[in-house]
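Please read the structure below before turning to the comments.
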Amino acid sequence: MKRYNPKVIEPKWQAVWEKSKIYQATEDKTKPKRYVLEYFPYPSGAAMHVGHVRNYTIGDAIARYNRMRGDNVLYPMGWDAFGLPAENYAIKTGISPQEAVAKNVENFKQQLMQMGFSYDWSREINSTDPSYYKWTQWFFLLLHKRGLAYQEESLQWWCPFDKTVLANEQVEDGRCWRCGNLVEKKALKQWFFKITDYADRLADDLDNVNWSEAIKAMQRNWIGRSQGAEIDFSIYEKEKKECLVVHGVSGHKRENWFPWLKSTLGSKNWIVKVPNMPTPDHPKIEEWNKTLLGEFEEGAIIAGHSLGAPAALNLLQTANKKADGLILVAPVNPRQDWRHLKLKYPEVNWDAVRKFAEIKFDWEKINRLAGRITIYYSDNDKYISVSSIDFYKKHFPNATFKFLIGKGHFNESSGMTEFPEIIDNIEPKIKVFTTRPDTIYGATFLVLAPEHKILNKLSISKEVKDYIEQAERKSEIDRMETEREKTGVFTGVYAVNPANKEKIPIWVADYVLPGYGTGAIMAVPAHDERDWEFAKKFDLPIVQTFDQKDADPKQAYTGEGIVKNSGKYNGMTTSEMRENVVKDLAKRGQAKEKVNYKIRDWLISRQRYWGAPIPIIHCPKDGAVAVPDKDLPVVLPEIKSYEPSGDGHSPLANAPEFVNVKCPKCSAAAKRETDTMDGFACSSWYFLRFADPHNDKKAFDKTKVDFWLPVDDYIGGAEHAVMHLLYARFWTKVMYDEKLIDFDEPFTTLRNHGMILAPDGKKMSKSWNNTIEPDNLIKQGYGADSIRLLELFIGPWNQSAAWSVEGLGGTYRFLQRTWTLIQEFLDEAKSKKQKAKSIGHNAELETQIMRTVHKTIKKVSQDMQELGFNTSIAALMEYVNNLYKLKSKHNFTLASEAWKDALIALTQLLAPFAPHITEELWAELGQSGSVHVSNWPAWNEELVKEELITIAVQINGKVRAELLLPADVTEEEAIKAAKNDEKVAKNLAGKKVKKAIYVPGRLVSLVI
RNA sequence: GCCGGGAUGGCGGAAUUGGUAGACGCGCGGGACUCAAAAUCCCGUAUCCGCAAGGAUGUGAGAGUUCAAGUCUCUCUCCCGGCACCA
């Protein structure tokens, strides 16, 4: 008898399959298509372990099963080969990433090959191939064209070890997802993809895909949509509010924002004074000051324009009274040279003006008295030449400096509706975001993030400034870590609750995050745990605005209930009030409905070499210009040093021949963008390229993609839950909007396999030294087939399990038994002596064999439909056991048709799991072609049905007997037979049967 | 804390979706073959009582619905994964 030797048959069939190309897919429209795909792997140089292999084994079983079922299966493989490992390797060894990747691909492919996976290798792609990343760049430009790729300078996560920025998704617990080092914040100009524009669709369309609840929940959570309202809280001002406007040398008539300010503030019950200076065109400081002193009351806001600015400063220091704010618009530097102005404004008495330069300013005093200081500059060059930013910056280090862009000044024709910023500074508002506007009457204080911009406008003490500074210095990680005892300080400033008009304190605390919502909250300690904690610690008032059933009075009530302490809303449910109060506040312009998201735009630029170059040219005249399509791909040049500089530039910046180019628009000397794209850009569309992998005219042909896509079975671990899977969905939607494809979700069904742990129950990893590699197991003689079998048999495919060394012996033994069973048949069939006796003489035995066959076909087919690999394999083991039993129980000739049919069916049913042994046995059984393209066997329902069935008899729910009855037994007969059974009769013993239930084919239940 | 998923023999796991709990595999025990070992084959294997026939208990805990619950409902405990001061 031939021995089962996987070392011989496995390489043999792998070579045959490669040659015969039986796994190549074509757009054959006569068969239903099925696209089976695993996440395309990073081709690492190391050996795969059995955990990696499970992914592919699952995909291959699905692909093979469906191929045999008659589907047109696309099952491709490719390489996601950009990224840091190859680049870091290059830095260490000097071997170029191009070279290292080619070697790794070869290594990885060989390992997949020896497992016998049925990939269509004619469609192999590699993300680092210029013919591939050409189209990644093309998609970048598509996003750019659609306004979805933009550049912005901002604080970004920076990994000091990998020396590159990271997307939010790539920071885990304050550490780099790749190297695990703590990340920092760094201000850099970076490219972003505007994934936030798609936040709603990305969240909503999760309802339309067949993914696990876990992954969908992770994505929803990451997108973090929350419905709420934005509400304005104004800063509290004392009863009588006053604004003193000091106009400039050219007089109030021309500066038409005075009347506008007067009417705007006047309508809000402000007193606006615009004193008419005695001689506007011939300023005499003493007279001006006399007039102003008469009008100025302590606590007013002073607004000075142009030459009115030094006049206002003079007023402050001579009046020696505190102002509530100082606003300087286009302020004149009294010390400056007036000569060129003389030419422009000859009518002005410049000798008089020069007198302002003689004033001695006590800057410390002015700073102390001024309150919050805001200084506006105009971009109108007339004014820039007059006013001096440096001068004022030097003397007002804590002031806010702003440009007023283009509007308003000297615009005598249009009505004055400009300078809303000035109003904001006179009467600043704080916007808060809340999901519980129904608790607004309980908002007893406001809390600002330390980074909140309005803090620059408020007059705050040193203590508060110190707190802000210290909070900003604390890294984000520190702010996220540990027990987080609440800290904060009172700003000394109050706000007005727009609902009940109550004066509430404004606090600064780092538990409010600057990046979410408006960076400010209305704190409702009675109904929010964090606010509760804060209020308890700092002894702030807690006002309940609803009652909640079964609530713990020592905690915040965060549920729903009936509203109280809320004026006209009392008695409503919280959800009713939620709607009403926002509507009411909106009528007064103090609130609006608002949806907020946690997701941020996708930061895609990387300051590293080994990635697809961003196809942009920076021109001093035209700005960021797209590389024209005809110039794609922008090929990554071979360079000498791969070391990133760490100063925010990629190593490409040191390649002048790459950097220095001409602007495609104006041909001026320009510079190429030197950042490369995040590797996730390449993996956001590779599944489309597989449909048309060699197209050099387009990224893909639409009809081909529409034929194969979306992916029917996408198989992979949960590690991509929010990164790759979100990005790929985003790109797909953009392409759908661009009408490049006809679907907007790329992966219909996502299948998250469970992990294979090491036999010790720990995660398999090199550092634990507990990895198990198929490579070794194959060398030991187990063969790919028994490894594959165990990968699936070890438990449900979507559940984790520890690898079992003994278990592998089990699946190997099973294959051995299968092999032997068929060899025995072959040996006997060959020996002519036995030929005379046939199984055909024993019809009953033949039927018995066929029943076993058809029951197994049915069981395996049904289990495979639900991906029940483990139970399918169990059924096949049982089947082989049964065949052995039949063989030993009944002494018959194996060389018969029925027996042969049973064995043929066995090779087919086992083929998706153990492709090599089944192919070998299929051939030995004399079948033509490949078992893998044979038709999956069908079962005959007649043969599946049993003639006799076992019926259990329960008395009061306890099984007391088993009956063997004909399959077509009626209810009456079954119940009668049950009562007549000896054991049952004994149990009934004269008691009356109150109720008898018959479950067809299963049991009789008697109640006594 | 919130979200998602779990808990069944010594172990991995089955159970037609409310109908005989423990399929299949591992491990273990016994036997056959062998001088012996390995390999292979056969038998047994939830727990407790019993020589057996048989009986009792049993799916994380507790309650409930039902003729019947691993499966449905409620309460709780523990484990795994994700998120985490997101207002």
Side-chain angles (χ1 to χ4, degrees), chain A residues 172-173 212-222 224-226 228 432-436 439 443 447 449 479-480 483-484 486 509-513 515-524 527-531 533-534 558 596-599 718-719 721-722 752 754-755 789-790 793-796 798-811 813-814 816-817 820 858-859 862-863 868 870-881 884-885 888 950-962 983 993-1008:
Chain A
E172 294 159 355
D173 274 340
S212 74
E213 277 314 309
I215 301 283
K216 287 206 237 182
M218 276 190 231
Q219 292 220 344
R220 284 199 192 96
N221 186 43
W222 186 264
R225 174 164 58 191
S226 56
V432 304
F433 175 72
T434 177
T435 55
R436 295 299 299 267
T439 62
V447 189
R479 269 170 80 172
M480 284 189 285
E483 285 298 296
R484 284 172 303 205
K486 295 251 182 315
D510 66 4
Y511 81 92
V512 176
L513 305 173
Y516 184 78
T518 60
I521 61 161
M522 61 177 218
V524 185
H527 305 297
D528 181 281
E529 277 163 36
R530 295 148 301 180
D531 299 343
E533 223 181 281
F534 195 79
T558 55
N596 248 313
Y597 303 91
K598 277 196 255 180
I599 192 172
E719 68 274 15
V722 284
N752 285 117
M755 252 200 302
L789 224 36
L790 183 61
F793 181 64
I794 202 159
N798 52 1
Q799 229 171 272
S800 293
W803 184 260
S804 159
V805 179
E806 296 80 11
L808 186 61
T811 53
R813 216 166 293 140
F814 163 63
Q816 185 93 266
R817 279 163 69 78
T820 305
K858 181 178 182 179
K859 167 79 177 146
Q862 286 184 340
D863 283 3
N870 57 333
T871 53
S872 289
I873 293 166
L876 289 167
M877 287 173 167
E878 204 173 355
Y879 178 55
V880 168
N881 290 346
Y884 267 99
K885 269 179 202 148
S888 66
T950 318
I951 301 277
V953 182
Q954 291 184 344
I955 296 169
N956 282 357
K958 289 198 169 145
V959 179
R960 293 296 175 185
E962 282 175 13
K983 279 187 226 160
V993 175
K994 281 188 233 157
K995 199 169 168 187
I997 294 150
Y998 175 60
V999 182
R1002 304 222 61 98
L1003 58 71
V1004 172
S1005 184
L1006 302 173
V1007 189
I1008 57 174

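Predicted model only: the values in this text are computed from it and were never measured. Chain letters run A, B, ... following the sequence lines, proteins first and then strands; every chain starts at 1.
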Exercise for review: Take atom P in B:G22 and the same atom in B:G58, then report the distance between them in whole Å.
Suggested key: 16 Å

Checklist entry - Any side-chain heavy-atom pair from A:Gln954 and A:Ile997 closer than 4.5 angstrom? => result no

Under 3.5 Å, which N/O atoms of the protein pair with N/O atoms of nucleotides 16-18 of chain B?
| unit_1 | atom_1 | unit_2 | atom_2 | d |
| --- | --- | --- | --- | --- |
| B:U16 | O2 | A:Arg1002 | NH1 | 3.4 |
| B:U16 | N3 | A:Arg1002 | NH1 | 2.3 |
| B:U16 | N3 | A:Arg1002 | NH2 | 3.2 |
| B:U16 | O4 | A:Arg1002 | NE | 3.0 |
| B:U16 | O4 | A:Arg1002 | NH1 | 3.0 |
| B:U16 | O4 | A:Arg1002 | NH2 | 2.2 |

The Watson-Crick or G-U wobble partner of B:A7, with both key distances under 3.5 Å, is B:U77

Touch class at under 4.0 angstrom, heavy-atom based, for A:Ala874 against every strand present:
base

- prompt: Do the side chain of A:Asn596 and the main chain of A:Ser226 share a donor and acceptor less than 3.5 angstrom apart?
  reply: no

Quiz prompt | Whole-angstrom distance between B:C83 and B:C76, as gauged at atom C1' | solution = 25 Å

Could one point to a donor on the side chain of A:Glu529 or the base of B:G1 with an acceptor on the other under 3.5 Å away?
no

Taken to the nearest whole Å, NZ/A:Lys958 to P/B:C67 is 16 Å

- So, is A:Ser226 close to the B:A87 phosphate, meaning a side-chain N or O under 4.0 Å from OP1 or OP2? yes

Whole-Å distance, A:Gln954 CD to B:A69 P, equals 8 Å

| A:Tyr511 six-ring face occupied by A:Lys486 cation (under 6.0 Å, within 45°) | yes

B:G18 to B:U59 separation - C1' atoms, rounded to the nearest Å:
15 Å

Rounded to whole Å, CZ of A:Arg817 lies from P of B:U40 at a distance of 10 Å

Expected string for nucleotides 45-53 of chain B under the B/S/- scheme (protein heavy atoms, under 4.0 Å, primed atoms plus P, OP1, OP2 as sugar-phosphate) is ---------

Checklist line | Distance between C1' atoms of B:A14 and B:C26 (Å, rounded) | finding: 15 Å

- Message: Check this one for me: any side-chain N or O of A:Lys885 less than 4.0 Å away from OP1 or OP2 of B:C43?
- Response: no

Residues at least two apart in sequence or cross-chain that pass side-chain contact (heavy atoms from CB on, under 4.5 Å) with A:Ala952, listed by chain then number, are A:Val959, A:Leu1003

### Query
When you compare B:U66 with B:C42, how far apart are their P atoms, in angstrom units rounded to a whole number?
49 Å

(message) Between B:U45 and B:A69, how many Å separate the two P atoms, rounded to a whole number?
(response) 26 Å

Provide the distance between the two P atoms, one in B:G60 and one in B:G12, to the nearest whole Å. 13 Å

Contacts of A:Asn956 meeting side-chain contact (heavy atoms from CB on, under 4.5 Å) (sequence neighbours excluded), chain-then-number -> A:Val1007, A:Ile1008

The side chain to side chain donor-acceptor pair (under 3.5 Å) partners of A:Arg813 (sequence neighbours excluded) come to none

query: Would you call the rings of A:Phe433 and A:Tyr516 parallel, tilted or perpendicular if under 30° counts as parallel and over 60° as perpendicular?
result: perpendicular

Partner of B:U57 under the Watson-Crick or G-U wobble criteria, both distances under 3.5 Å, comes out as B:A46

chi for B:U17 classified (syn = within 90 degrees of 0, anti otherwise) as syn

* Asked: Would a 4.5 Å heavy-atom cut-off, applied to side chains only, mark A:Ile521 and A:Asp531 as touching?
  -> yes

From CG of A:Asp528 across to C1' of B:A87 the rounded distance in Å is 6 Å

| said: It should be established whether A:Arg813 places a side-chain nitrogen or oxygen under 4.0 Å from OP1 or OP2 of nucleotide B:C24. | reply: no

Taking only N/O atoms, report every protein-nucleotides 10-14 of chain B pair under 3.5 Å with atom names and distance.
| unit_1 | atom_1 | unit_2 | atom_2 | d |
| --- | --- | --- | --- | --- |
| B:G12 | O2' | A:Ile794 | O | 2.5 |
| B:G13 | OP1 | A:Gln799 | NE2 | 3.3 |
| B:A14 | OP1 | A:Asn870 | ND2 | 3.1 |

Comparing nearest nucleotides in RNA chain B, the 5'-proximal residue of the pair A:Asn221, A:Gly224 is A:Asn221

5'-most contact on RNA chain B (nearest-nucleotide basis), A:Tyr597 vs A:Val1007, goes to A:Val1007

When both distances are under 3.5 Å in a Watson-Crick or G-U wobble arrangement, the nucleotide paired with B:A69 is none

Applying the 3.5 Å cut-off to both distances, the Watson-Crick or G-U partner of B:A37 turns out to be none

- [ ] Report which part of the nucleic acid A:Thr435 touches: base, sugar-phosphate, or nothing (heavy-atom distance under 4.0 Å, all strands).
- [x] sugar-phosphate

Tabulate atom names and distances for all N/O pairs under 3.5 angstrom spanning the protein and nucleotides 28-32 of chain B.
none

### Query
What nucleic acid atoms does A:Gly810 come within less than 4.0 Å of, heavy atoms only: base, sugar-phosphate, or nothing?
sugar-phosphate

Across all chains, not counting sequence neighbours, the side-chain contact (heavy atoms from CB on, under 4.5 Å) partners of A:Glu529 are A:Ala556, A:Thr558

Scanning all shown strands, the Watson-Crick or wobble mate of B:A15 with both distances under 3.5 Å is none

Atom NZ of A:Lys486 and atom C1' of B:C85 are separated, to the nearest Å, by 5 Å

Here the distance between atom P of B:C42 and atom OH of A:Tyr884, to the nearest Å, is 8 Å

ask   = Heavy atoms under 4.0 Å, any strand shown: does A:Arg225 hit a base, just sugar-phosphate, or nothing?
value = nothing

### Message
By the 4.0 Å heavy-atom rule, please label A:Glu213 as base, sugar-phosphate, or nothing.
### Response
sugar-phosphate

A:Tyr511 atom OH is separated from B:A87 atom P, nearest whole Å, by 13 Å

Side chain to side chain donor-acceptor pair (under 3.5 Å) filter on A:Asp863, not counting sequence neighbours, yields A:Lys859, A:Thr871

- P atoms of B:G31 and B:G25, separation to the nearest Å: 22 Å

Residue pairs passing the side-chain hydrogen bond (donor to acceptor under 3.5 Å, both in side chains) test with at least one member in residues 997-1008 of chain A, sequence neighbours excluded, are none

Quick note, A:Asp510 side chain, CB onward, closest among B:G4, B:C85, B:G82 is B:C85

B:C2 -> Watson-Crick or G-U wobble partner, both distances under 3.5 Å, gives B:G82

- Query: With a 4.5 Å heavy-atom cut-off, do A:Tyr884 and A:Thr820 have their side chains touching?
  - Reply: yes

>> Between B:C67 and A:Lys994, counting only base atoms on the nucleotide and side-chain atoms on the residue, is there a donor-acceptor pair under 3.5 Å?
In response: no

Classified by glycosidic angle (syn within 90° of 0, else anti), B:G9 comes out syn

For A:Asn881, the side chain to side chain donor-acceptor pair (under 3.5 Å) test, sequence neighbours excluded, returns A:Arg817

In whole angstroms, the gap separating P of B:C24 from CG of A:Asn881 amounts to 7 Å

Sequence neighbours excluded, the answer for side chain to side chain donor-acceptor pair (under 3.5 Å) partners of A:Arg960 is none

